[in-house]
*Asks:* 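One structure coming up, written as C-alpha cells, with questions to follow.
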Amino acid sequence: MGVGISDRGEGRPIAVVVLAAGQGSRMNSDLPKPLHKLGGVPLIAHALHAAGGLSPARIVVVTGHGAEAVEKTVADLAPWAECVRQTEQLGTGHAVLQAAPILADFAGDVIVLYADTPFITEQTLAAMQAARARHDIVVLGFEAADPGRYGRLILDGDRLLRIVEAKDATAAERAVTLCNSGLMAGDAATMLRLLATVGNQNAAGEYYLTDLPALAMAEGLSATAILCPEGETLGINSRAELAQAEIAFQTARRAEMQAAGVTMQAPDSVIFAQDTWVGRDAEIEPHVVFGPGVTIESGARIRAFSHLEGCHVSAGAVIGPYARLRPGAEIGNDARIGNFVEVKEAQIAEGAKVNHLSYIGDADIGERSNIGAGTITCNYDGVMKHRTTIGRDVFVGSNTMLVAPVSLGDRAMTASGSVITEDVAPGALALARAKQVNKPGLAIRLMERLRAIKAGRKG
Ligand code: UD1
Ligand code: CA
C-alpha cells in the first residue's frame, strides 16, 4: 500500500531531527564534536540555523557523547529545540529512532540533519521538500570526488533502490561515485515505523538510517535522491577537516561581504563569524577578527588588527587600528575608538572619542566627550562590577583613573593623572592628584652624589 498523496508535498509541518550523539573520535578531543567552532560558533549552531530556515514545527536534537554540554549549548542557541538522549551510539537509524516517543503524535515530515555537516543551504533543503511531492523518501546525495567511506546510492532512473554503506559494498558497488550526504526526508510516522524494523546485521553491527530507502521500496513506497554540490555536504570528522571547513566558510563569507558592498584591501586576512553583519560601504582593513554577534553599520571603518565580538558600531565611527571591542560595546555615530583601547559593556555616544591606550568597561560616555590617553574605568573591586557614567562634552584628562561607581556631569573636566573616587558635578574641574613641588638645583646635586658613591665603590 502506497502512502496517500496527502502525506507528501510542501506546506506540511516539519520536524527537524539533528543527529549529534556520535563520539567524533577522529577529532581526538575532550570537547564533543558539535561544540567545535566554525565561523566563531559551535558546529551545532550551523545545523540549528539550517533547521530554522525551514520554519519547523519541532526541532529535536539527538545527543549522546558529551550530552550535557551539547544540551546546554542547544538550550542557549535555540531554547525551543528539544533534546533526546541516545545513551548508546548504535547507529544513525537508532539515533533517529530515539526521537520516536516525542514525535509519536506529530503529523508531518521529518528531515534528518547532521550536527557535523554545516554547509547545507536553504535552497537544498527546499529542493528536498519539493522532491517530497513526488516521493515518500528523499535522500540528499552528491557526486563524490573521492567516495571513500561514504554510503553509495544505488539508483534506477530517479528511483533510489537502496543505499549501501562502503563497509558492506561489493567492489562493483564501491565503484559508484554517487554518495549519501546523510540527509533524509519523509513522512514522520512512515520513517519511524520503518526504522523500528531496521536490524544491525551488517559490517558495522549498527542500525543504519540508510536501510530506509530499500525498506520503503519493499513496501511499494518510493524513494529518490536529489543532488547538491559536494562542498555543501562537507562533513567534519577531524581537526584537518575542521580547518578546511573554516577556510571554505571564510572564503564564502568574504565573497558575500564584497557582494554586499564592503571594502576590504586584504580580504584573506579578515576573519568573520557566522552572524557578522556589515553594512554597505563599510571598510574593513587587514587582519580584523570578528567574533560572534557583531553588527557594523554602513560607512563605518574598522582599522587594521582590531578584534570585535558582541558589539555594534554605528555609521561613520572609526575603530582601531589595534582596538578591542568586547560584548556590550555600543559605538555611536562618528565616534572614535583608537589604538590599544578596550571597550566592554559600554555605550560610547555620538562623536565621543577614546583614542589611545584606555580601558572602558561598564560605562556610559555622552556625546562629544573626549577621553584622554591612558584613562581607565576601574570597574571591578575584586568581587563586583560597578558603572562609570560620563555626561556630554566632558573632557577626561590623560591617565585618569575613574574608580566606579562614579559619575562625571556634562561639561566636567578631570585633571590628568587624577584618581577620581567621587562624583563630579556638571561643569566642575576635578583635581585628584598630589600637588607638585619643585626643588631648585636638587636634580644636579643628587646625580653628583650618586656618581661619587659609585666611584667610591670601584676604588
Ligand atoms: C553516514 C551514513 C553514510 C553517509 C555519511 C555521510 C549511515 C549508516 N551512514 O556514515 O551513508 O555517506 O554518513 O557523512 O547513516 N550519530 C548519532 N548516533 C549514532 C551514530 C551517529 O547521533 O549512533 C550521528 C553522528 O554524531 C553524526 C551523524 O550521526 O552527526 C553521522 O554519523 P557517522 O558515524 O559520522 O556516520 P558515517 O559513518 O559517516
Ligand atoms: Ca561522518
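Counting convention: from 1, in listed order, for ligands and their atoms alike.
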*Asks:* Heavy atom of C179 under 4.0 Å from ligand 1?
*Replies:* no

*Asks:* Is there a polar contact between ligand 1 and G151, counting only N or O atoms under 3.5 Å apart?
*Replies:* yes

*Asks:* Using modelled atom types and a 3.5 Å cut-off, is there a donor and acceptor pairing between side-chain atoms of Q274 and backbone atoms of G40?
*Replies:* no

*Asks:* Who gets closest to atom 24 (C) of ligand 1 by heavy atom: L19, I236, L90?
*Replies:* L19

*Asks:* Under 4.0 Å from a heavy atom of T92: which atoms of ligand 1 are those, numbered in the order shown and with their elements?
*Replies:* 7 (C), 8 (C), 15 (O), 20 (C), 21 (C), 29 (O), 31 (C), 32 (O)

*Asks:* May I ask you to identify, for A95, whether its side chain, its backbone, both or neither come under 4.0 Å of ligand 1 on a heavy-atom basis?
*Replies:* side chain

*Asks:* With distance as the sole test, does R326 use its side chain to make a donor-acceptor pair with the main-chain N or O of G361 at under 3.5 Å?
*Replies:* no

*Asks:* Looking at R193 and E219, is there a salt bridge between them, counting it only when a charged N and a carboxylate O are closer than 4.0 Å?
*Replies:* yes

*Asks:* Tell me yes or no: between the side chains of Y380 and D362, is some donor less than 3.5 Å from an acceptor?
*Replies:* no

*Asks:* Taking all non-hydrogen atoms of both residues into account, name the closest pair between G372 and S358 and its distance.
*Replies:* O-OG, 3.6 Å

*Asks:* Among residues two or more places apart or on two chains, list those pairs meeting salt bridge (charged side-chain N to carboxylate O under 4.0 Å, His left out) that have a residue in residues 284-295.
*Replies:* E285-R301, E285-R303

*Asks:* Just jot down the ligand 1 atoms closer than 4.0 angstrom to any heavy atom of G22, in number order.
*Replies:* 16 (N), 17 (C), 22 (O), 25 (C), 26 (O)

*Asks:* Considering only heavy atoms, does S181 approach ligand 1 within less than 4.0 Å through its side chain, its backbone, both, or neither?
*Replies:* backbone

*Asks:* Taking K33 first and then D116, would you say they form a salt bridge - that is, a charged N and a carboxylate O separated by under 4.0 Å?
*Replies:* yes

*Asks:* Do any pairs count as a ring-ring contact (aromatic ring centres under 6.0 Å, His included) and have a residue in residues 140-179, sequence neighbours left out, and if so which ones?
*Replies:* F142-Y150

*Asks:* Consider ligand 1: state whether an atom of it lies below 4.0 angstrom from any non-hydrogen atom of D116.
*Replies:* yes

*Asks:* Taking all heavy atoms of S314 and all of G332, pick out the closest pair and write down the distance.
*Replies:* CB-C, 3.4 Å

*Asks:* If you take the nearest heavy atom of each of E206, Q86, E165, Q89, which one is closest to atom 17 (C) of ligand 1?
*Replies:* Q86

*Asks:* Heavy atom to atom 12 (O) of ligand 1, shortest distance: which of N237, N180, V164, V139 holds it?
*Replies:* N180

*Asks:* Using distance alone, decide if ligand 1 has a nitrogen or oxygen within less than 3.5 Å of any nitrogen or oxygen in Y150.
*Replies:* no

*Asks:* For T210, counting its heavy atoms only, list the atoms of ligand 1 lying under 4.0 Å from any of them.
*Replies:* 7 (C), 8 (C), 9 (N), 11 (O), 15 (O)

*Asks:* Please say whether E88 places an N or O atom under 3.5 Å from an N or O atom belonging to ligand 1.
*Replies:* no

*Asks:* Using heavy-atom distances, let me know which of G91, G182, A166, A144 sits nearest atom 20 (C) of ligand 1.
*Replies:* G91

